[in-house]
Protein chains: 2
Amino acid sequence: MPPQSVTMADVAKAAGVSRTTVSFVLNGRMESSIPESTRERINQAARELGYRPNAAARTLASKRSSWFGLVTEIATSPFATDVIKGAQQAAWKDGNFLLVAPSEDDPGMEQLAVEKLLEQQVGGLIIATTWHREITVPENAKSVPCVLVNCFDAEREFPSIVPDEIGGGYAAAEILAEAGHTNIGHITLKTGIPAQIGRQTGMKQALLDHGIEPDDSKIVPGDGTADSGYHGTQTLLSQSDPPTAIFCGNDRIAMGAYDAIKERGLRVGEDISIVGFDDQEILAPHMRPKLTTIALPFEELGMAGVALLNQMVEGSPIENRQITIGCPPRIRSSVAMHGRR
Amino acid sequence: MPPQSVTMADVAKAAGVSRTTVSFVLNGRMESSIPESTRERINQAARELGYRPNAAARTLASKRSSWFGLVTEIATSPFATDVIKGAQQAAWKDGNFLLVAPSEDDPGMEQLAVEKLLEQQVGGLIIATTWHREITVPENAKSVPCVLVNCFDAEREFPSIVPDEIGGGYAAAEILAEAGHTNIGHITLKTGIPAQIGRQTGMKQALLDHGIEPDDSKIVPGDGTADSGYHGTQTLLSQSDPPTAIFCGNDRIAMGAYDAIKERGLRVGEDISIVGFDDQEILAPHMRPKLTTIALPFEELGMAGVALLNQMVEGSPIENRQITIGCPPRIRSSVAMHGRR
DNA sequence: ACGTTTTGCTAACACGATTCAGTAACGCGC
DNA sequence: GCGCGTTACTGAATCGTGTTAGCAAAACGT
C-alpha cells in the first residue's frame with residue numbers, strides 16, 4: 001500500500017539500484033545496456049510500490065511537456081466538441097494531453113488563454129474556431145508551434161487545416177444531378193463567408209460538369225437559420241418553374257425547408273429532394289425523412305491538427321501548409337430519383 | 001526581447017535582488033515586509049523581460065497543481081460540451097485548468113484515463129457522464145478529491161451532482177396543466193433509467209397537485225428516439241379520447257411527435273400542445289413551432305462540480321453530498337391554452 | 001549608549017525527475 | 001598479466017520554483 005507518493009528514489013532503493021538506472025528502465029531507454037534481469041527487478045519494484053511518475057518533474061527536467069493547448073470558442077457551438085474529441089484522441093495516442101482553454105471569441109480573452117497555456121509549458125498550440133473564417137492570431141502564440149483549425153490568418157503565416165467547402169458543395173450538387181434533377185435550387189449561408197462562397201462555387205462546378213447550366217435565379221440568399229430556409233423554400237417553390245431539388249447551405253436551413261415543403265402538402269424525398277450540409281449529429285439523422293447531407297469533418301480536423309503539430313514539434317519539415325479535409329456525403333432518404341425512372 | 005525563457009533568476013538579477021524576494025513579490029506574499037519601491041522595481045523588471053512563470057516548476061515545488069481532471073465520454077453526445085464548458089469557466093475563474101480525458105464508456109479506458117490524469121498531478125477529479133446513471137468509480141480515483149457529475153456510485157461514497165429530474169418533470173406537466181389541459185399524454189424514455197423514473201414521477205405529482213388524476217393508459221413507453229416519439233404519438237392520437245397535450249421524455253421524442261401530428265393534419269401548438277425535455281440547443285429553438293421544453297443544466301452541473309471540488313481541495317467540510325440542480329423550463333410556442341379561453 | 005524590535009532582505013534546501021560524464025568490474029586476446 | 005573493449009551501472013549537475021530559517025542594518029525605546 002503506497003502511503004502518499006512513491007518516487008523514483010523509492011523504487012531505486014527497493015530494487016537496489018540507482019535513480020539513474022530506474023529512469024532508464026522505466027523510460028525504455030535501450031541505449032544503455034541493462035540486462036533483462038535488472039529491468040525485471042526494477043519494473044516489479046515499481047509495480048509493487050505503486051509508482052506513479054510525476055509529470056511536472058518530468059516536464060521540468062526534460063523541458064518537453066506532454067501536452068498541447070487547444071483554444072476554442074467552447075461556448076457557441078456543439079461543433080467544438082468534435083474538434084476537441086478528434087484532437088483529444090490523436091493526442092492521447094501518443095500519450096499527450098490536451099489543455100483546453102476558452103477564447104469566447106474575445107481577442108483579449110484569447111490572448112490571455114494563450115498566455116496561460118504557455119505558462120503550462122504546452123509544446124504546441126491549436127487555435128480552432130467553430131465556423132470557418134479568417135482570424136488574427138494573438139502575438140504570443142508565436143512562442144511555440146501553432147496550427148489553425150477551421151480558420152486561417154490573413155498572411156497565411158500559420159499552417160491551417162480547413163474543410164473542403166468546394167468539394168462539399170460539389171458533392172451535394174452531384175448527388176442531386178445524378179438523381180436526375182436538372183432544376184436545382186440553392187439556399188445560401190450568410191453571403192461572403194468562406195463556407196458560403198466555397199459551397200456555392202462547388203455546386204456551380206458540379207452542375208457544369210453534369211451538363212446543367214447554373215441559374216442564378218434559383219439561388220436565394222439565406223443566413224443559416226431555419227427561418228431563412230423556410231422562407232427561401234417558399235420563394236423557390238413559388239416560382240413559375242419551381243426546382244425539384246434544393247441544396248440547403250446547412251442542416252438548419254434544410255429543417256426550415258422541410259417545414260415549408262410539408263406545409264404546401266408536398267413530400268420531402270418524393271416531390272422535392274433536399275440535401276443539407278454539416279451533418280449535425282442530433283439533427284440530420286432524426287429528421288423525417290432522414291436528411292441526406294454533407295458532413296463537416298470536425299473530428300478529422302482536430303486529429304489533423306494534432307498530427308501536424310506533432311510534426312512541427314519534432315522539427316520535421318512540413319510540406320503542406322494549407323491542408324483541406326474532405327467533406328464526405330451522408331446519404332439518407334431526402335433525395336429521390338427524378339425524371340426517367 | 002526575451003530570447004528563450006526568462007526565469008525568476010533573470011528577473012532577480014535585473015532588479016538587483018535575490019530570487020526569493022522575486023518569488024515573494026510575484027506571488028503577492030504580503031507577510032514578508034517588502035517596501036512598495038522594491039515591489040515596483042521587481043514587477044517592472046518582470047514586465048520588461050517578459051517573464052512567464054513555469055507552471056511545471058511551480059507544481060513540483062509547491063506540490064499543488066493548478067488543474068483538475070475531467071473524464072467524460074466525449075464521443076457520444078453534445079451534452080459533454082456543456083459540462084466541459086461550465087467546468088472550464090468555473091475553473092478558469094480561479095486560474096485553474098481543466099485536463100480533459102476521454103473515457104469512452106470503457107472501464108479499462110476509464111481507469112487508464114484517471115491514472116494518466118493523476119500522473120499529471122491533478123488536484124481533483126470530475127467524472128462526468130452524458131446521461132444520468134449509476135456508475136462504478138475506478139479504484140485509483142480515490143487518490144484525490146473526486147466528484148461525480150450527472151452520475152452517482154451505488155454506495156454513495158462520492159459526492160455527486162445531478163439534475164433534478166423530478167422537478168423537471170413536475171415543471172413540464174405543470175406548464176400543460178396551467179394551460180388548461182387535463183388530458184395529458186406522456187411518451188417516456190427507456191424505462192428504468194433515472195431520467196425516465198424521475199420525470200415521470202414529477203409529472204404524476206404535478207397532475208395530482210392540479211387536481212388531475214394520472215391515467216396510466218396515457219403513458220406510452222418510448223426509447224428516446226424520434227421514431228419512438230412518432231409512433232408513440234400515433235398511439236396516443238388513435239385513442240378514443242386522445243390527449244390534447246403530450247409531455248415528451250426528451251426533445252428528440254418531441255421531434256417525432258411533431259411529425260406524427262403534422263401528418264394527421266393537426267397543428268402543433270394549436271390543436272396539440274407539446275413539451276419536451278433537454279432543451280437541445282440546435283434542435284428545440286429551431287423546430288416549428290419552437291419547442292417549449294425543460295432544460296438540462298449541464299453547464300451548471302459542470303460549474304457546481306468544480307465549485308465542490310474546490311471546497312474539497314481546500315478541506316472545507318461539505319455539507320451536502322448529493323446536490324441536485326434545477327431544470328428550468330424554456331417557454332416557447334408549442335403549448336396552447338386549452339378549454340375556457 | 002545599549003538592548004530590543006522591526007524592516008528588508010538572502011542562503012540554502014526541497015521537489016522529482018532527466019541526463020551527461022564517468023567508472024568499476026569483467027571478459028578476452030596475446 | 002597487460003591493454004582494451006564491453007557491460008552494467010552510478011554520481012552529480014540541472015530544470016525553475018517554493019519555502020523555511022535566519023541575518024544585517026536600521027529604528028526605537030529608555
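Reminder, nothing fancy here: chain letters follow the sequence lines and each chain counts from 1. Every heavy atom of this structure was used, including side-chain atoms; hydrogens, water molecules and symmetry mates were not. Worth saying up front: this structure is predicted, and the values here are computed from it rather than measured.
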### Message
Any N or O donor-acceptor pair under 3.5 Å from the base of C/dT19 to the side chain of A/T20?
### Response
yes
#### Entry: Rounded interatomic separation in angstrom, taking CZ from B/R64 and P from C/dC15
16 Å
### Query
Between C/dC15 atom C1' and A/R58 atom CZ, what is the distance in whole Å?
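It works out to 15 Å between those atoms.
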### Task
Given side chain to side chain donor-acceptor pair (under 3.5 Å), test B/E73 with B/S103 step by step and report yes or no.
CA-CA 5 Å; B/E73 318 137 326; B/S103 74; 5.0 Å; no
### Message
Checking A/E119 against B/R58 for the salt bridge (Lys or Arg N to Asp or Glu O under 4.0 Å) test, could you report, in this order, the C-alpha distance in whole Å, the side-chain angles of both residues, the deciding distance, and whether it holds?
### Response
CA-CA 10 Å; A/E119 286 182 10; B/R58 174 177 304 185; 5.7 Å; no
### Task
Give A/S33 one of three labels, base, sugar-phosphate or nothing, depending on what nucleic acid heavy atoms sit under 4.0 Å from its own.
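Base contact - A/S33 has a heavy atom under 4.0 Å of at least one base atom.
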### Task
Grab the CG-C1' distance between A/D10 and C/dC15 for me, whole Å please.
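One finds 13 Å between C1' of C/dC15 and CG of A/D10, rounded.
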#### Entry: Selected nucleotide, minimal atom distance to A/K63 side chain, candidates C/dC15, D/dA13, D/dG16
D/dG16
### Task
Indicate, with a heavy-atom threshold strictly under 4.0 Å, whether A/T21 touches base, sugar-phosphate, or nothing.
base
### Task
Calculate the interatomic distance between A/L26 atom CG and C/dT18 atom P; express it in whole Å.
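A/L26 atom CG is separated from C/dT18 atom P by 8 Å.
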### Message
Centroid separation under 6.0 Å, is that true for the rings of A/W92 and A/F97?
### Response
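For A/F97 and A/W92, the ring centres are under 6.0 Å apart.
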### Query
Base, sugar-phosphate, or nothing: which does B/R29 touch, judged by heavy atoms less than 4.0 Å apart?
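Result for B/R29 = sugar-phosphate.
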### Query
C/dG16 base to A/R52 side chain: any donor-acceptor pair below 3.5 Å?
no
### Query
Mind checking whether A/W67 and B/W67 have parallel, tilted or perpendicular rings, split at 30° and 60°?
perpendicular
### Task
Kindly say if A/S18 contacts the phosphate of D/dT10, meaning a side-chain N or O under 4.0 Å from OP1 or OP2.
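Affirmative; the distance criterion is met.
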### Task
May I have the distance from A/M30 (atom CE) to D/dT7 (atom C1'), rounded to whole angstrom?
14 Å
#### Entry: Protein-nucleotide distance (A/R19, atom CZ; C/dT19, atom P), rounded to Å
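That distance rounds to 14 Å.
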### Message
Of the options D/dG16, C/dT18, D/dG18, whose atoms approach the side-chain atoms of B/N27 most closely?
### Response
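Closest nucleotide among those given: D/dG18.
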### Message
Taking the minimum atom-to-atom distance to the side chain of A/A61, which one of D/dT10, C/dC9, C/dT18 wins?
### Response
C/dT18
### Query
What's the verdict on side-chain contact (heavy atoms from CB on, under 4.5 Å) for B/F298 and B/N150, showing C-alpha distance, side-chain angles and the deciding distance?
CA-CA 8 Å; B/F298 281 111; B/N150 207 28; 3.4 Å; yes
### Task
Hey, which sits more toward the 5' end of DNA chain D by its nearest nucleotide, B/N54 or A/F24?
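Result of the comparison: A/F24.
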### Query
When you match B/G16 and B/S62 each to their closest nucleotide on DNA chain C, which lands nearer the 5' end?
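Result of the comparison: B/G16.
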### Message
Test side-chain contact (heavy atoms from CB on, under 4.5 Å) on B/T59 and B/R64; report intermediate values, then the result.
### Response
CA-CA 5 Å; B/T59 300; B/R64 301 179 309 108; over 6 Å; no
### Query
Hey, does B/T38 reach any base, or is it just sugar-phosphate, or nothing, if we go heavy atoms under 4.0 Å?
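It contacts sugar-phosphate atoms only.
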### Sugar-phosphate only, base, or nothing, as touched by B/S23 at under 4.0 Å among non-hydrogen atoms
base
### Task
Would you kindly give the CG-to-C1' distance between B/L60 and D/dG18, to the nearest whole Å?
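So the two atoms are 10 Å apart, to the nearest Å.
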### Message
The side chain of A/A57 is closest to which nucleotide in this list: D/dT17, C/dG16, D/dT10?
### Response
C/dG16
#### Entry: Spacing between A/E40 atom CD and D/dA8 atom C1', to the nearest angstrom
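It works out to 17 Å between those atoms.
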